[in-house]
2 protein chains.
Amino acid sequence: MVTILDVARLAGVSKATVSRALNGKVVVREEVKARILQAIAETGYRPNQLARNLANNKTNSVGLVVTNGLYNGPFFASLTYHAATNSEMHGRQLVLADGKHSAQEERDAIDLLMSLRCEAIMIYPKYLTVDELDTIIDNSQTPIVVINRELPRHRNQCVFVDHQQSSETMMAHLLAQGHTRIAFVTGAEGSPTGEKRLAGYQQALRRAGIEPDPQLLVHGAWSTDSGYAAGRELLARQVPFTCILAGNDDMAIGVAKACLEAGLRLPQDVSLAGFDDSVLGKYYHPSLTTIHVPMEAMICHAIDTLLMPGEHAVCSHEGELVRRESVAPPK
Amino acid sequence: MVTILDVARLAGVSKATVSRALNGKVVVREEVKARILQAIAETGYRPNQLARNLANNKTNSVGLVVTNGLYNGPFFASLTYHAATNSEMHGRQLVLADGKHSAQEERDAIDLLMSLRCEAIMIYPKYLTVDELDTIIDNSQTPIVVINRELPRHRNQCVFVDHQQSSETMMAHLLAQGHTRIAFVTGAEGSPTGEKRLAGYQQALRRAGIEPDPQLLVHGAWSTDSGYAAGRELLARQVPFTCILAGNDDMAIGVAKACLEAGLRLPQDVSLAGFDDSVLGKYYHPSLTTIHVPMEAMICHAIDTLLMPGEHAVCSHEGELVRRESVAPPK
DNA sequence: CTGTTAGCGCTTTCAA
DNA sequence: TTGAAAGCGCTAACAG
């Protein structure tokens, strides 16, 4: 391995001068600089970022903790994509750490990123509770921001969308179309996001003077497969409904498959809607009415919060209704 | 920041002993060890991986270079997912670097990962040519493996699937169903993957005694949008065909939209197939016949190659035909 | 403008 | 089994 010392010797200068020539903070005589560049070219020298980072005590990297289970699916793609792109825009590398299957492992992932001395850490939690996250943030020396979870005690360390509000917006649209028998497919058990969406559904129903019918509630687990199973279960119950709202787009697509197999036409026989505005839904036939989650804005916000000084007031983002073909008035 | 020295002092031992207690390579008296652990707990000490890496001259990380343009889409998700999961299985962190929009930027991304002293680097190239990749590998001190590109000169530094063979397999299926007028939607211009799939299409046709009709060739760019546009263009040509093979599933979904809008039914009026076995296609209605690309096996293979010693013979993987509902015999 | 001299926090000989 | 000391490769005062 060729080091800065080799370059220095070859160029007939000191390590410090090579360092200065490379970092450009201090002026180095042109002629000397040329000699150094020449030596670098000859030796094929490549600065050791590790040593540099240690000397500077900073790494130019930001960490992202996500959980395995979220990895597949378009949602993860969008999250990682924007995280990577935005990090690079700030000149930082993105380091991934898997939260695996438990709160402890999510904690370990954070710890790991801290040992790596990431400048900042983003976490899209799955198992850690709000209390646990609060504690972690309290004890953390490095900036942390939590994505998709509201932390009342740490308004500046979280960005999220108001899922209940989004759900109510969606329901308002569905009710306005004339639907009253609306089924709901829940997300995975214990998911705050799922609970908020369900709460919005029930809230909107009650506000419209309709008591939620337990017969119209089926349980899913976010995946398309689970949506398909939920759809079949709902149909098997033989209760009347004119519309199905699924906890996310993936499940909505699964539900659609179940409906189509049962000979139902979308949206003539049954309307269908989801959440997340995934690519899937956009090109599905019929295209899927959904709620757009502003992932890019959220990540952008998160990274700005982490890397830029000062206050960043709004931590709550709004979901936006995307009307498409899968919802029509009931017959 | 609390360092190993703070812990040592508090425990009344030397830095070296703390280090040994932590790394477990050398035996430390139990009683002393307990005191050290105690001190660590009290101080909240967290080893600095940076310093550790520098001292050991290794980082326990593997780098992945992918290009921005590939980021969105389920393909990227699958790639990153398996890369991250497999890296972690080998106890390594995954570091992402964006190849951006040019060969030079892909090169820069590799350089960056090298400066970071990643133990190994995976690259899913978009702009770099085989020659350029060969050169990079020749000059590289750190292990590199190229994904989805065949490098005849570096059979042990590449993993790929035989796209032409896959395409021929797909065509054999289509022809066997009785289709003879089969349209093809190409991938983005200049993409080796796209070219291989096109070559397979033409090859299979000729072998069946059918001269490829330029009227049945339309150009796409991998995205669903481009597939939609290609579909519309094809329909506008008013030439007869009974089947469309798209360069990937995303485009196939776009093509489907164009067909459905034109009042065509799938697969009764026109059969449709793609490549990649994306989630999209699996739950589309009708579900999409496609070629499964063994991403997991490839990444697994790539990481094994990088991290384990010894030979890993096969670098070529086989795509697998997935028959589903979107292909039926012509009327 | 440039060289010298200390570190950054940890690991690892080499002695004891 | 443990401590002292010498690095890992680079940056950053401090002189000159």
Side-chain angles (χ1 to χ4, degrees), chain A residues 1-40 43-61 111-119 141-142, chain B residues 1-40 43-61 111-119 141-142:
Chain A
M1 192 77 289
V2 24
T3 78
I4 200 172
L5 189 56
D6 302 317
V7 175
R9 276 203 274 258
L10 185 61
V13 296
S14 72
K15 298 192 305 176
T17 302
V18 176
S19 173
R20 287 189 275 251
L22 247 30
N23 294 311
K25 308 281 288 186
V26 184
V27 190
V28 175
R29 195 146 41 97
E30 273 311 323
E31 175 210 325
V32 175
K33 196 170 194 167
R35 241 172 35 229
I36 292 175
L37 259 24
Q38 166 72 19
I40 290 180
T43 55
Y45 166 71
R46 201 190 298 281
N48 183 330
Q49 269 305 132
L50 238 51
R52 198 177 250 183
N53 289 342
L54 182 60
N56 289 325
N57 199 34
K58 63 186 292 259
T59 58
N60 270 71
S61 69
D111 268 10
L112 182 66
L113 262 16
M114 285 179 169
S115 315
L116 249 25
R117 294 298 186 271
C118 286
E119 287 175 56
Q141 183 50 58
T142 85
Chain B
M1 192 77 290
V2 25
T3 77
I4 200 171
L5 188 57
D6 301 317
V7 175
R9 276 203 275 257
L10 185 61
V13 295
S14 73
K15 299 193 303 177
T17 303
V18 177
S19 173
R20 287 190 272 251
L22 247 32
N23 294 311
K25 307 282 289 184
V26 183
V27 189
V28 175
R29 196 146 41 96
E30 272 311 321
E31 176 210 325
V32 176
K33 195 170 192 167
R35 241 172 35 229
I36 291 174
L37 259 25
Q38 166 73 20
I40 289 180
T43 54
Y45 167 70
R46 202 190 297 280
N48 183 329
Q49 271 303 133
L50 238 53
R52 198 176 252 183
N53 289 343
L54 181 60
N56 289 325
N57 199 33
K58 62 185 291 256
T59 58
N60 269 71
S61 69
D111 268 10
L112 182 65
L113 262 15
M114 284 178 170
S115 316
L116 249 24
R117 293 299 185 269
C118 285
E119 287 175 56
Q141 183 50 57
T142 86

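Quick note: numbers below take in every heavy atom, side chains included, and nothing from hydrogens, waters or symmetry partners. Sequence lines set the chain letters: A, B, ... in the order given, protein chains first and strands last, and positions in each chain run from 1. Everything quoted here is computed from the prediction, not taken from an experiment.
- A donor atom on one side chain and an acceptor atom on the other are found under 3.5 Å apart for B/Gln49 and B/Arg52.
- Within the 4.5 Å cutoff, the side chain of A/Val7 has heavy atoms near those of the A/Ile36 side chain.
- By the 4.5 Å heavy-atom criterion applied to side chains, A/Leu10 and A/Tyr45 are not counted as neighbours.
- Contact record, B/Arg35 with B/Ala11: NE-O, 3.0 Å, taken as the closest heavy-atom pair.
- Shown here for B/Pro47 and A/Ser115, the closest heavy-atom pair between the two residues is O-CB, 3.6 Å.
- DNA chain D is contacted by both A/Arg20 and A/Val2; A/Val2 maps to the nucleotide lying nearer its 5′ end (nearest heavy atom per residue).
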Legend entry - Stepwise side-chain contact (heavy atoms from CB on, under 4.5 Å) check, B/Leu50 with B/Leu54: CA-CA 6 Å; B/Leu50 238 53; B/Leu54 181 60; over 6 Å; no
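- Proximity of B/Leu22 to B/Ile40: side-chain heavy atoms (C-beta onward) are separated by under 4.5 Å at one or more points.
- Here chain B contacts DNA chain D (any atom closer than 4.0 Å to a heavy atom, that is under 4.0 Å), and the contacts span D/dT1 to D/dG9 from 5' to 3'.
- Read 5' to 3', the first and last nucleotides of DNA chain C with an atom closer than 4.0 Å to a heavy atom of chain B are C/dG9 to C/dT13.
- Nearer the 5' end of DNA chain D, as judged by each residue's closest nucleotide, is the contact made by B/Thr17, out of B/Thr17 and B/Ala55.
- For the pair A/Ile4 and A/Ser19, the minimum side-chain heavy-atom distance is below 4.5 Å.
- B/Thr17 places a side-chain heavy atom less than 4.5 Å from the side chain of B/Val28.
- The stretch residues 23-33 of chain A touches DNA chain D through A/Asn23, each having a heavy atom under 4.0 angstrom from the strand.
- Each of A/Asn56 and B/Arg52 lies near DNA chain C, and the nucleotide nearest A/Asn56 is the one positioned closer to the 5' end.
- Within the 4.0 angstrom heavy-atom criterion, no nucleotide atom of any strand lies near A/Asn57.
- Side-chain contact between A/Val18 and A/Val13 is present, with at least one heavy-atom pair separated by less than 4.5 Å.
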